[in-house]
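The structure appears right after this line, and notes come after that.
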Amino acid sequence: MSNLGLYQTMTSVAKKVGGPVNFFLLVGAGGYGVIRLGEAGVKKIIKTVKNHTGRKETASHKKYVVHSSGKSNEGLVFNTGDMYRVLEIDHDSVLIEKIGDKNNPYFVSTELLKSISDFDM
């Protein structure tokens, strides 16, 4: 009876793959592959959990029309007839794209948008 066990199996496999250098290269490459697959799986799980728990309320990409002039606290001026599109809604602030403005996007309060346009949350 041999007491070599795992060592004997390892040397037999090393012989089949062309020697100990090739064996350790295969073991290293296999370990790297397993780690990378595990990392990708964990990242996917984290992304799914973040998207599910921290989901922000989103609005459709409908265009809204301004019916009365107004100005935000940040200095964004709305004139009658201006149009904007809602990109994201997060509690009481809204990320909008003002149609025809080159400095988009802007954060504006929901109260301002409700008071000057046909925006309804």
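Computed from a predicted structure; not experimentally measured.
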- request: Might you work through the side-chain contact (heavy atoms from CB on, under 4.5 Å) test for Val86 and Lys62, ending with a clear yes or no?
  value: CA-CA 7 Å; Val86 174; Lys62 173 184 166 186; over 6 Å; no
message: Quick one: does any side-chain atom of Lys98 pair with a main-chain N or O of Val77 as donor and acceptor, under 3.5 Å?
response: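 Answer holds: yes.
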query: With no hydrogens and no angle check, is any side-chain donor or acceptor of Ser117 less than 3.5 Å from a backbone partner on Lys114?
result: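 Side chain of Ser117 to backbone of Lys114: no pair is present.
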If you compare all heavy atoms of [X] against all heavy atoms of [Y], which two are closest, and at what distance to 0.1 Å?
{"X": "Pro105", "Y": "Leu95", "value": "CB-CD1, 3.5 Å"}
{"X": "Gly75", "Y": "Lys71", "value": "CA-CE, 3.7 Å"}
{"X": "Ser115", "Y": "Ser68", "value": "O-OG, 3.7 Å"}
{"X": "Ile116", "Y": "Gly70", "value": "CG2-CA, 4.2 Å"}
{"X": "Asp118", "Y": "His67", "value": "N-CD2, 3.8 Å"}
{"X": "Ile99", "Y": "Lys63", "value": "CD1-CE, 4.3 Å"}

- request: Establish whether Phe23 and Leu6 are linked, either directly or via other cluster members, by ILVMFWY side-chain heavy-atom contacts under 4.5 Å.
  value: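 Different hydrophobic clusters.
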- prompt: Is Leu26 linked to Val34 within one hydrophobic cluster, defined over Ile, Leu, Val, Met, Phe, Trp and Tyr using a side-chain heavy-atom separation of less than 4.5 Å?
  reply: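 Cluster IDs for Leu26 and Val34 differ.
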- request: State which residues pass side-chain contact (heavy atoms from CB on, under 4.5 Å) with Asn103; sequence neighbours excluded, sorted by chain then number.
  value: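 With neighbours one apart ignored, the set is Asp101, Tyr106.
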Exercise answer: donor-acceptor pairs, residues 13-20 side-chain atoms, under 3.5 Å, sequence neighbours excluded:
none

side-chain contact (heavy atoms from CB on, under 4.5 Å) between Leu87 and Ile96, intermediate numbers included: CA-CA 5 Å; Leu87 303 175; Ile96 66 165; 6.0 Å; no
If you measure from [atom1] on [X] to [atom2] on [Y], what distance do you get to the nearest 0.5 Å?
{"X": "Ser72", "Y": "Leu113", "atom1": "OG", "atom2": "CG", "answer": "9.0 Å"}
{"X": "Phe107", "Y": "Asp92", "atom1": "CZ", "atom2": "CG", "answer": "11.5 Å"}
{"X": "Tyr32", "Y": "Glu39", "atom1": "OH", "atom2": "CD", "answer": "8.0 Å"}

task: If the plane angle is over 60° it's perpendicular, under 30° parallel, otherwise tilted; pick one for Tyr84 and Tyr64.
output: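 The rings of Tyr84 and Tyr64 lie parallel, inter-plane angle below 30°.
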